[in-house]
Every structure is written in structure tokens, then in C-alpha cells.
Amino acid sequence: MIARSALTHPVDGRFGTFGGQYVPETLMGALVELERVWHETKADGQFQLELAGHRHAFIGRPTPIYAATRLAEHFGGAHIHLKREDLCHTGAHKLNNAVGQALLAMRMGKKRVIAETGAGQHGVATATVCARFGLECTVYMGGEDMRRQSMNVRRMKLLGAEVVEVKSGTRTLKDAISEAIRDWVTNVETTYYIIGSVVGPHPYPEMVRDLQRVIGDERG
Amino acid sequence: MLHGSYSYVLQDGDGQIQPTHSISAGLDYPGVGPEHAFLHDTKRVEYVAVTDEEALAAFKLCTRLEGIMPALEPAHALHQAGIIARDLGPGGRILVCLSGRGDKDMDSVDGG
Amino acid sequence: MVADPGRSPAATSNKSRLASALKADGDLKLVGYMMAGHPNRKRSIEVGKRLATSGIAALEIGIPFSDPLADGPVIQHAGQTALEHGMTVGGALEIAAAVASEGVPVVLMTYINPILAHDPRRFAAEAAQAGVAGVIVPDLPVEESEPVVGWLRSTSLDTIFLVAPTTSEDRVESICSHSTGFVYCVTLTGVTGARKELPDGMKDMLATVRRHTSLPVAAGFGISRPEHMKALRGSADAAVVGSAIVSEIDRGGDPTTLVKELLKACR
């Protein structure tokens, strides 16, 4: 039997044995600060109200649940429903997280935001919130991904973001994250790093999850 | 251990992270989040592998049958939804999180 | 977290080869760096042996990792070249043994993932057997350091932790109490790689670290020029020069020429 608390609140930054903070010492202070501010912010009613406002009027939430009847018929008759995150502003669930973290960045007094992106959806979401809130934005993207997702590269640039081509390693998402972390190590005092997935050092996996749980909370 | 957290990663015996391939750029990553690793180990969540071809087929099916073009990332989930639907039969209920739209993937699909 | 609170760093330093080798004695000490297997195994051993007898106080040997988050382009490239030529953790330990046999204290520098994949207990035993003096793991902060650091210490390896310009004073205290051999001060916020100038706050940081440890204090990251040595004399015990040496190896040159030039500025 798993203690429920272990699922919702990682102990010492860990989900069981997984997680932790294996980063260069330069980032440790920033991560400790981020964890403190996130827990404080999450519990702040004013923040939750502000977030709810942006979710409604900027992202377009709540998103509907759609009955995919023809797919259901094709697959033998079980009901198939789709939670329509594709209807969010910018076309993906990524904005749920980016809006929340951008608000956090501003709370922490950071004027510059960096992000990594694979398919470009998180990069577009980050570039979008940076345009919305007047933050400077740099997105790291693998060279190979820039080629196969050129439309999203154009979107990010139109939104005012600088898109940096990552030429190291396999030139995909992994190397974009590595390069974004190196930027953060260099500019940690002025820069907020918006990670787009439930990866990275604690508290990112917990924070990204908390900001995406709105998808599940809207059920029914 | 990759990007600051301990989790399942694709690596060789010497701990070198291995190259990945996915038709979906958003899934082209050699690791999973630490909470997913935990949910896997504690058997709270079952994780399934889906191939590029299966995701492409589900992309096309959803686009043609529902008029909704899914991103290639959730197209992987749609493929699995089809398998589960056949398993459950009429009366079963499945909810898929359609995490994004597929306009960005049209070039990959045309080429594939 | 502290493996053995009863053991003071001073007591450890009496036994540590690194602590005695790196303590400044009027002159600033120089610590070199090379990547195991760069540009290939054979040349890496040759270069290592030359560096070992060039007048440096210790030599750091990097074990390549596919995703080195703390490294700039020069060391990233060296690591990638080494991996492409088939370098492994085992191969790097062989190179370390060959270089250590020249008598210079060798410090291994690598990321936590290769150590975990190799099995940390086996890594500790093999490193000690290779004659290695200490280990630096830049993505292993003190909070996450057990049990790996305990295993390294149990084979008498020194464990060196890093202090950064962003480290708070209470963290400095904890890092110093976890370190043996020496304490490594990262002079700047950033990744490894030669810089023109060293940051202004560097001397204050070195002074803060000194207040918390009697171990030698080494400064690293960005250090590449004779004027950097002059700036560090008096505030640090030792200077670590990495990317500048690796660049020299990369272009097929003799890095000991650079070492000799830098050593002149240490006196």
C-alpha cells in the first residue's frame, strides 16, 4: 500500500527513490529558493485567483470533453472521450504550465526566461506568456527539431523569442535541455528556467504536475 | 541520472545516455519523469510502448473520422485507446487526454 | 548526511596526499586537467605522463559523460571525441593508473551517472587500486552525496565538493565539512571554459571559504592566463586550469609549454 502523501508531496524532493537534485552547486541556491517560493505561492489565494483568470480568458479553459463516436464505432463500440487540450490557446496543454511558471518568475523578480523545446509546443507556450507578460525569452531547440518543426520556430520568433539552435549531441530535446541548464548555470541570478515537462531537478517535476492537474480537476 | 533527477533513462552499461528516435519530436527524449518511474514501480500506472507507424495510423484515423487532427504525441495514446476499446467492448468507457493539435506535424505525416 | 561528524577536516588533511600537495607554500600551486581518451587512448596516456612531470601539483582526469551539464564547449567536445573513440569508465581508470604511476596525485572528475552505472562500490575500489587520490562529481551536491561519498571515502579516496559564487554561507560551511583533500571554488557562475577576466567577487568568496576550512582552497573555471595566476596568488592555494590545456591537446600541441608559462606566474 502506498502512502498517499508520498504521491502528492515528494519527501526530500523524491518520489520513492526517484527524483532528487543532481545539479551543479551553482544552481542549488536557486532550486532551494524556487521550492520555497512555489510552496508559498501555491498556497496563496490571490495567486490562485490570478491563475484562474488567465486560465479562463487567456488559455480558454475549461476545455470540453468530447465523445468521439465514430472512433468508438471503428474500435468496436466502447465509449471513447477526448479531453480537448488541443483547444487551448497555442494548441496544446503546454500553456497551463507556462502561464503558472511565468507568474512565478515575475513574483521572483526575474525579467529573463529561458526554455527548452522538442516539438516546439512548449517553446511556443513560453514565448507566448513572455509576450503576454513582457518578459525577455530565449528558447533552446535542437537543430534536428528546428528542421522538422519549422512552423513552430516561426511562431516563436514572431512572438519575440530568440530561438537558439542546439548543435551538440543528438540535436534533439535532450540536448536542448542540457543547453538550457548551461544557460541557467551562467545566468541564474537574472533568469528563470521554465521547464516544460515533469523532468529535471526537484521541485520541477512536482511543480509542472501541480500546474497541469487542472486537466484532471475539470472532469465532469 | 539525467538532467538533475534519478529516474529510468536509456543508457549503455557505462552510463552514457543513448540516442533516441521518435517520429514525434516531443517524445524524442531518453528518460521519463521521476514520478512516472515511481508510479511504474509501484504498479499504479501501466506504461505501454507504441511505434511510429501505429501513432501515424491513429493520427490519420482520428483526423478522418472525427475531424480532429491530433498531435503525434497523443496519437500514440489514441492507438492504445483503440486496443483497450476492442478489449472492453460496448459499454466500456475510455478517456484520452488529447494533449495538443496536429497542425505542427503535417510535414512529418506527409513524409511518412 | 555527514558520514562521520566526529572526523574533522583538519584530521583528514594530515593523511591526505592532495591536502599536502595543494597547500600553497608562498607559491600558488597549479592543478591541470585532461580528458581521459582525448583525443585517443594512446595519446591521452602520453600527454598525461608529460603533464604529470611538468611541475603541476595535481592532475584532474575527466571521465567522459554524454551529457556534461557543467562543461563548456571545449570539454564537451573533448568528452565526445573520447566517447567516439570508445573510451569507457574502465578505460579511464587504466589511463589514471598509468598517469598516477608518475607520482602526481590524480583526481578523477566525472558525473554521477557513469559512477552509478559502473557500480559506485566497484568504482571506489578500482579508483583506489589505480592509485587515484580523490574524486570530484560536479552534479553531486552535498545533500545527495550519500551513500556514494561514503563508499569513496571507505577506500581512502578524498571527496572534493564545489563552492559556487551563488552558494550561501551556511552551505559553504556544510560543503567544507563534507570535503576532504581540498575545497574547489568555482570562480564564476557558468560552465567550464577559458575567460579573459576573472570576476570581481572572487577574492571575497575565497576568503569566506577559508573561514570555514583549514583544507587547501583551489579556484577553478575560466582560469587560463598568467595574469589570472597573479590575481589568485595570496587568496587561493591552487588554481585549476582545464579548458586551456584541453584546447592545446585538441590542436595537437604540447600543453606543458602553457603549464610552464603559467607556473612562472605562480611564483
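Every chain is numbered from 1 and lettered A, B, ... according to where its sequence line falls, protein lines coming before strand lines. What you are looking at is a predicted structure, and each value in this text was computed from that prediction instead of being measured.
- When each of A:L82, A:T69, A:D175 is scored by its heavy-atom pairs under 4.5 Å with chain B, the top score falls to A:L82.
- For the pair B:E35 (side chain) and A:E206 (backbone), a donor-acceptor distance under 3.5 Å is absent.
- Highest contact tally toward chain A, considering only B:G82, B:S7, B:S24, is held by B:G82 [criterion: heavy-atom pairs under 4.5 Å].
- The two residues A:R84 and B:I68 come nearest to each other via the heavy atoms NH1-CD1, 3.3 Å.
- Separation of atoms CZ (A:R155) and CG (B:D103) is listed at 8.0 Å; rounding is to 0.5 Å.
- Relative ring orientation between B:Y6 and A:F18 is described as parallel, the plane-to-plane angle staying below 30° on a 0-90° scale split at 30° and 60°.
- Looking at A:T63, neither its backbone nor its side chain comes within 4.5 Å of chain B, counting heavy atoms on both sides.
- Between B:H3 and A:I195 the shortest side-chain heavy-atom distance does not fall below 4.5 Å.
- Heavy-atom pairs under 4.5 Å with chain B were tallied for A:G91, A:P205, A:G142; the largest tally goes to A:G91.
- Residues of residues 117-130 of chain A having a heavy atom under 4.5 Å from any heavy atom of chain B, listed by number: A:G118, A:A119, A:Q121.
- The contact between B:P19 and chain A is made by backbone and side chain atoms together, counting heavy-atom distances below 4.5 Å.
- Here A:K83 contributes atom NZ and B:S99 contributes atom OG; the two are 13.0 Å apart, rounded to the nearest 0.5 Å.
- Taking A:A78, A:G77, A:C88 one by one and counting their heavy-atom pairs under 4.5 Å with chain B, the maximum is reached by A:A78.
- In this structure, chain B has a heavy atom under 4.5 Å from the side chain of A:I181, while its backbone stays farther away.
- B:A71 does not touch chain A: none of its heavy atoms, backbone or side chain, sits under 4.5 Å away.
- Counting non-hydrogen atoms of neighbouring residues, nucleotides and ligands closer than 6.0 angstrom, the CD atom of A:E73 reaches no more than 12 such neighbours.
- Top candidate by heavy-atom pairs under 4.5 Å with chain B, chosen from A:E144, A:R148, A:M151, is A:R148.
- In terms of non-hydrogen atom pairs under 4.5 Å with chain A, the most contact-rich of B:V96, B:I83, B:L88 is B:V96.
- A heavy-atom distance below 4.5 Å is found between the side chains of A:F75 and B:L61.
- When all heavy atoms are compared, the tightest approach of A:K174 to B:P30 is CD-CG, 3.6 Å.
- For chain B, the nearby part of A:Y66 is the side chain; its heavy atoms alone come within less than 4.5 Å.
- Of all heavy-atom pairs between A:V199 and B:P34, the closest is CA-CD, 4.5 Å.
- In this structure, the side chains of A:L71 and B:C62 come closer than 4.5 Å at one or more pairs of heavy atoms.
- The distance from the NE2 atom of B:H21 to the OG1 atom of A:T170 is 12.5 Å, given to the nearest 0.5 Å.
- Here A:S197 contributes atom OG and B:H36 contributes atom NE2; the two are 9.0 Å apart, rounded to the nearest 0.5 Å.
- Of the listed residues (A:G20, A:G76, A:A68), the one with the most heavy-atom contacts under 4.5 Å to chain B is A:A68.
- Residue B:D28 holds its CG atom at 14.0 Å from CZ of A:R171, rounded to the nearest 0.5 Å.
- To the nearest 0.5 Å, the span separating CG on B:L98 from NE2 on A:H81 amounts to 14.0 Å.
- Residue B:L27: no heavy atom, backbone or side chain, is found under 4.5 Å from chain A.
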